[in-house]
Amino acid sequence: YTPYDCKVNPRDSSKPVHAGLSPLSRTISQYSSRMHRADVLATHGFFAPQQRLLVGSQSVRDAARALEASSRVRRLDGDLLYHDDMVKLTVRTEAAVRHQVLTSARAHVPAAYRLGLPQGTPDKNKAVVASLLTAKNFTFHTLKYNVSGLEVHVTNRSGPYRQPVFQTVIQEQLFHQHDHMAIEELTRSKFNPMPIGVLAMVATAVECALHDWSSGILDRKGNMFSTDEWSGVYKKHIKALNTMKGLRPDMFMAWTRKIY
């Protein structure tokens, strides 16, 4: 293979740029980035630092093989600088994928849960949000509650993780957003049936968006969707969904296929 001409961002030498890549390597980088973004939503959610690099490396290799670029696979094995730059280019949009899901959740949460001044006072909103965030109430398709003053009492709930806002965010992000992850040939196999990782990520984003309303009025600065703060929440949703799957595997499979 030809010598690798490393080019970096003039303001940050730790960040490689596509200008240093050949047309084939640039295409591999584009493919691997799309594959990695799909992996973030479908499987991994929030990465530990070393895990991010390992998964990114595998995405680059899978992309090179998909393009039948055997010379680039050899280069990945033999040229550490080339390998590291390709991985950096692959994983750099990972946080943006999560924030796109959060942005969608923030747009739809007020209407889905009837928050805001037209629906009630800030004190009422605060009480409702506190109730929604208790025992994963916000995830249920049917949630009935009585409001007495500033006390909210849940009287009935059914259909965990079937709240319609979840489907709205999934459709918007996986089918209509520019990557079209759920229908694009390179990544669609990851999303039918809809993986637990997607459901957990959407639930985590909706929970974060509800926290923006925890004072009773919208905090327009919002909560940071950071790995340190939200990966634990994501893991709790993963655990709950796996429990659901274990109890009724056939029904769970039918439900996740229907979401797709």
Quick one: OG1 on Thr90 to CG on Asp39, what's the gap to the nearest 0.5 Å? 11.0 Å
Tell me which one of His18, Lys88, Arg34 satisfies side-chain hydrogen bond (donor to acceptor under 3.5 Å, both in side chains) with Ser29. His18
For the CG atom of Leu67 and the CG atom of Leu186, what is their distance to the nearest 0.5 Å? 8.5 Å
Would you say Asp179's side chain and Met181's backbone share a donor-acceptor pair under 3.5 angstrom? no
Is there a side-chain contact between Thr134 and Val154, using heavy atoms and a 4.5 Å cut-off? no
Tell me which pairs pass ring pair (Phe, Tyr, Trp, His ring centres under 6.0 Å) where either residue lies in residues 188-211, with sequence neighbours left out. His211-Trp230
Short side-chain to backbone donor-acceptor contact, Thr168 and Pro164, under 3.5 Å: yes
N/O donor-acceptor pair under 3.5 Å between Tyr260 side chain and Ala182 backbone: yes
Any side-chain heavy-atom pair from Thr43 and Pro195 closer than 4.5 angstrom? no
Which pair of heavy atoms, one from Ala107 and one from Pro110, lies closest together, and at what distance? O-CD, 4.0 Å
For Asn137 and Leu132, indicate whether the former's side chain and the latter's backbone hold a donor-acceptor pair under 3.5 Å. no
Minimum heavy-atom distance between Val101 and Ala205, given as atom pair plus value: CG1-CB, 3.7 Å
Sorted by chain and number, sequence neighbours left out, ring pair (Phe, Tyr, Trp, His ring centres under 6.0 Å) with His44 holds for Phe47
Does the side-chain contact (heavy atoms from CB on, under 4.5 Å) test come out yes or no for Val206 and Val165, once each step is laid out? CA-CA 8 Å; Val206 170; Val165 73; 4.2 Å; yes
Using the rule that Ile, Leu, Val, Met, Phe, Trp and Tyr join whenever any side-chain heavy atoms are under 4.5 Å apart, tell me whether Ile238 and Leu102 fall into a single cluster. yes
Is a side-chain N or O of Arg162 found less than 3.5 angstrom from the main chain of Pro160, in a donor-acceptor match? yes
With no hydrogens and no angle check, is any side-chain donor or acceptor of Asp219 less than 3.5 Å from a backbone partner on Trp213? no
Please determine whether residues Leu53 and Leu80 belong to a single hydrophobic cluster, defined as Ile, Leu, Val, Met, Phe, Trp and Tyr linked transitively by side-chain heavy-atom distances below 4.5 Å. no
Between Ser131 and Val129, is a side-chain contact (heavy atoms from CB on, under 4.5 Å) present by the stated rule, with each step listed? CA-CA 5 Å; Ser131 179; Val129 168; over 6 Å; no
Under a 3.5 Å threshold, yes or no: a donor from one side chain and an acceptor from the other, between Tyr31 and Ser59? no
Close side-chain approach of Met201 and Val198, heavy atoms under 4.5 Å: no
Would you confirm whether the ring centroid of Phe138 sits within less than 6.0 angstrom of the ring centroid of Tyr161? no
Closest heavy-atom pair, Ser214 versus Lys126, reported as atoms and distance to 0.1 Å, is O-CG, 3.3 Å
How long is the gap from NZ on Lys124 to CG on Leu115, to the nearest 0.5 Å? 10.0 Å
Among side-chain atoms of Ser226 and Asp228, is any donor-acceptor pair under 3.5 angstrom? no
Exercise: do Thr187 and Arg37 side chains pair donor with acceptor under 3.5 Å: no
Can you name the nearest heavy-atom pair linking Leu241 to Ala200, along with the distance? CD1-N, 3.7 Å
Yes or no on side-chain contact (heavy atoms from CB on, under 4.5 Å) for Val91 and Val55, after CA distance, side-chain angles and deciding distance? CA-CA 9 Å; Val91 305; Val55 174; over 6 Å; no
Where do Pro16 and Arg92 come nearest, in terms of heavy atoms and distance? O-NH1, 3.8 Å
Can you name the nearest heavy-atom pair linking Phe46 to Ser231, along with the distance? CB-CB, 3.7 Å
Flag yes if Phe140 and Val109 sit in one hydrophobic cluster, no otherwise; membership is Ile, Leu, Val, Met, Phe, Trp, Tyr, and two members link when side-chain heavy atoms are under 4.5 Å apart. no
Do Arg98 and Thr204 come within less than 4.5 Å of each other through their side chains, counting heavy atoms only? no
Treating Ile, Leu, Val, Met, Phe, Trp and Tyr as nodes and any side-chain heavy-atom pair under 4.5 angstrom as an edge, say whether Leu133 and Leu143 lie in one connected cluster. yes
Between the side chains of Arg72 and Ser25, is a donor N or O closer than 3.5 angstrom to an acceptor N or O? yes
Can you tell me if Ser158 and His141 form a side-chain donor-acceptor pair at under 3.5 Å? no
Go through the steps for Leu21 and Met86 under the test side-chain contact (heavy atoms from CB on, under 4.5 Å), then give the verdict. CA-CA 9 Å; Leu21 302 179; Met86 291 292 282; 4.0 Å; yes
Using the rule given for side chain to side chain donor-acceptor pair (under 3.5 Å), can you reason through Asp123 versus Thr121, listing the C-alpha separation, both sets of side-chain angles and the distance that settles it, and then say yes or no? CA-CA 5 Å; Asp123 285 343; Thr121 65; 5.4 Å; no
Check whether the side chains of Glu207 and His237 place a donor and an acceptor atom closer than 3.5 Å, and report yes or no. yes
From Thr93 OG1 over to His99 NE2, what is the distance, rounded to the nearest 0.5 angstrom? 12.5 Å
How about Val97 and Gln173: do any of their side-chain heavy atoms sit closer than 4.5 Å? no
State, with a plain yes or no, whether a side-chain heavy atom of Arg61 is found less than 4.5 Å away from one of Leu76. yes
d(Gln30 CD, Ile28 CD1) to nearest 0.5 Å is 10.5 Å
Side-chain (Ser32) to main-chain (Ala63) donor-acceptor, under 3.5 angstrom: no
Side chains of Arg248 and Trp255: closer than 4.5 Å at any heavy-atom pair? no
Separation of Tyr82 OH from Ser22 OG (nearest 0.5 Å): 6.0 Å
Any Met253 side-chain heavy atom under 4.5 Å of Thr256 side chain: yes
Are a donor atom and an acceptor atom from the side chains of Glu172 and Gln177 found within less than 3.5 Å of each other? no
Under a 4.5 Å side-chain heavy-atom rule over Ile, Leu, Val, Met, Phe, Trp and Tyr, are Val40 and Met224 clustered together? no
